Amino acid sequence: MALIYHRLALKFNIVDKPNHRSSHIHTTVRGGGILFPLAVVFWWMAYDFPNTWMVIGILWVSAISLLDDVYTISSKIRFGIQFVALSMAFYDLDVFSQIPWMLLPFFYFIALAVLNGINFMDGINGITGLYGLVFLGSILAVNAYSGIFDEFLIRYEILAICVFLIFNLRKKALMFAGDIGSIALAYLMIYMLVQWYLESGSWTVILFLLIYGVDAAITIFDRIRKGEKISEPHRTHLYQILANQGNKPHVNIALVYALLQLVINFAFFIYPKSTPSPLLGFGLIVGVGLLYIGLKVFFFKKYSGHPS
């Protein structure tokens with residue numbers, strides 16, 4: 001399937017051409033992350049059509065994201081489709097009857113932030129695939145003692161990511177995930193985290209996205225502070241500074257991000273077989289945030305000031 005898409009993308013010119021804001025220098029096939037929603041569809045058909053509303057939702061966000069990979073879609077349309085798709089996921093999980101209506105706007109805000117934050121983080125070879133692999137592998141480990149999630153859905157998605165990484169986890173990537181890949185994967189992550197939250201009642205499950213979340217959130221706040229449009233391409237994430245100004249190998253940076261998240265998942269969720277307390281969770285966010293800011297300032301100075 002991946003090879004078929006690769007050839008079709010080349011034929012129809014679904015490619016990412018590098019520019020001065022890119023972290024790559026070669027024209028590369030875009031949208032290889034189509035494997036991620038397809039894995040969900042194959043699981044859905046193989047196991048007698050469960051969680052249909054969630055599947056419809058992931059198809060909605062995947063379709064609009066694929067169109068955005070090929071054309072330029074209005075941000076209002078994209079956000080509208082994302083809102084509808086998240087509503088389908090929430091309906092599938094029975095969120096509307098379990099969460100007080102006053103908290104629903106907060107749920108939507110966090111979900112939309114995660115959805116687009118993960119999309120913003122998809123900028124160098126291997127980072128989205130490896131991070132997704134750590135997330136789903138850790139969810140599989142949590143499921144071994146909690147039984148919350150559908151094990152077969154997780155395994156199908158892990159297989160899709162592994163196939164994608166064959167084309168992406170290399171010095172010169174053959175395919176990028178594109179919006180369709182990062183958004184579809186983020187949608188599935190949100191679905192599982194909300195499912196886990198409803199079962200455990202602990203907001204600290206969001207720490208499964210701590211490393212990505214800190215980089216994305218602090219970078220966005222910094223750009224807003226500077227009066228920049230957050231929807232425009234840039235090179236101010238820490239991983240971009242390391243890759244572009246520091247000339248560090250993409251694969252090495254992606255491995256570090258994934259391994260750091262794996263350590264957090266193992267130390268605070270998998271090994272204790274529980275979720276961290278709110279106080280510990282807040283402390284982790286503050287601690288990692290301060291460490292991130294310190295590293296970013298250090299590398300700004302080391303690589304001759306702010307990135308262009």
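Side chains are part of it too, since the values below use all heavy atoms of this structure and drop only hydrogens, waters and symmetry mates. All figures in this text were calculated on a predicted structure; none of them were measured in a lab.
- In this structure a side-chain-to-backbone donor-acceptor pair under 3.5 Å is present from T204 to P276.
- Ring pair Y156/Y47 is perpendicular by interplanar angle, where above 60° counts as perpendicular and below 30° as parallel.
- The ring of F176 has its center no closer than 6.0 angstrom to the ring center of F167.
- Summarising the geometry, atom CE belonging to M88 is positioned 11.5 Å from atom OG1 belonging to T52; distances are rounded to the nearest 0.5 Å.
- A search for salt bridge (Lys or Arg N to Asp or Glu O under 4.0 Å) contacts involving R170 returns nothing, not counting sequence neighbours.
- Residues satisfying the side chain to side chain contact (heavy atoms under 4.5 Å, CB included) test with T72, not counting sequence neighbours, are none.
- To the nearest 0.5 Å, the span separating CD1 on I253 from CD1 on I124 amounts to 4.5 Å.
- Between N116 and Q82 there is a side-chain heavy-atom pair separated by less than 4.5 Å.
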In sequence, state the C-alpha distance, the side-chain angles, and the governing distance for D68 and S65, and then conclude on side chain to side chain donor-acceptor pair (under 3.5 Å).
CA-CA 5 Å; D68 199 40; S65 298; over 6 Å; no
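- Applying the salt bridge (Lys or Arg N to Asp or Glu O under 4.0 Å) criterion to D215, with sequence neighbours excluded, gives no partner residue.
- In this structure, the separation between CG on L255 and CG on L260 is 11.0 Å, given to the nearest 0.5 Å.
- Residues I56 and D92 have side chains not in contact (no heavy-atom distance under 4.5 Å, counting atoms from C-beta outward).
- For residues 273-285, the pairs satisfying side-chain hydrogen bond (donor to acceptor under 3.5 Å, both in side chains) are S202-T275, with sequence neighbours left out.
- At least one donor-acceptor pair closer than 3.5 Å links the side chain of R223 to the backbone N or O of K229.
- Contact annotation: the side chain of L153 never approaches that of W44 to less than 4.5 Å [non-hydrogen atoms, C-beta and beyond].
- Counting Ile, Leu, Val, Met, Phe, Trp and Tyr side chains that sit under 4.5 Å apart, directly or through other members, L259 shares a hydrophobic cluster with V134, L262.
- At least one side-chain heavy atom of L93 sits under 4.5 Å from a side-chain heavy atom of Y191.
- E199 places no side-chain N or O within 3.5 Å of a backbone atom of S146 that could act as its donor or acceptor partner.
- Atom CD1 of I58 is separated from atom CG of L86 by 11.0 Å, given to the nearest 0.5 angstrom.
- Residues Y108 and S87 have side chains that bring a donor and an acceptor to within less than 3.5 angstrom of each other.
- Residues S138 and F266 have side chains not in contact (no heavy-atom distance under 4.5 Å, counting atoms from C-beta outward).
- With contacts defined as side-chain heavy-atom distances shorter than 4.5 Å, the pair W196/M192 does not qualify.
- Looking at S182 and Y187, their side chains never bring a donor and an acceptor atom within 3.5 Å of each other.
- At a threshold of 4.5 Å between non-hydrogen side-chain atoms, the residues I241 and T236 do not count as touching.
- Every pair passing ring pair (Phe, Tyr, Trp, His ring centres under 6.0 Å) that includes a residue from residues 125-144 is listed here, sequence neighbours excluded: Y131-Y212, F135-F208.
- No more than 12 heavy-atom neighbours from other residues, nucleotides or ligands sit within 6.0 angstrom of CZ on F282.
- Remark: the backbone N or O of D179 is not paired with any side-chain donor or acceptor of D122 at under 3.5 angstrom.
- Distance alone, capped at 3.5 Å, places no donor-acceptor pair between the D69 side chain and the G178 backbone.
- With a 6.0 Å radius and a threshold of 12 heavy atoms from other residues, nucleotides or ligands, Y71 has its OH atom at or below the threshold.
- In this structure, a donor-acceptor pair under 3.5 Å is absent between the side chains of N125 and N168.
- The backbone N or O of Y257 lies less than 3.5 Å from no partner atom in the side chain of Y239, so there is not a single donor-acceptor pair.
- In terms of modelled atom types and a separation under 3.5 Å, the side chain of E157 and the main chain of I154 share no donor-acceptor contact.
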N244 and Y303: side chain to side chain donor-acceptor pair (under 3.5 Å), yes or no, with the steps?
CA-CA 10 Å; N244 299 314; Y303 300 128; over 6 Å; no
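- Without hydrogens or angle criteria, Q261 side chain to L210 main chain gives a donor-acceptor distance under 3.5 Å.
- If you take CG on N51 and CG on D150, they are separated by 7.0 Å, rounding to the nearest 0.5 Å.
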Test side chain to side chain donor-acceptor pair (under 3.5 Å) applied to T219 and K296, step by step:
CA-CA 10 Å; T219 301; K296 200 165 187 179; 3.1 Å; yes
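- F90 contributes atom CZ, which lies 13.5 Å from atom CE of M54 (distance to the nearest 0.5 angstrom).
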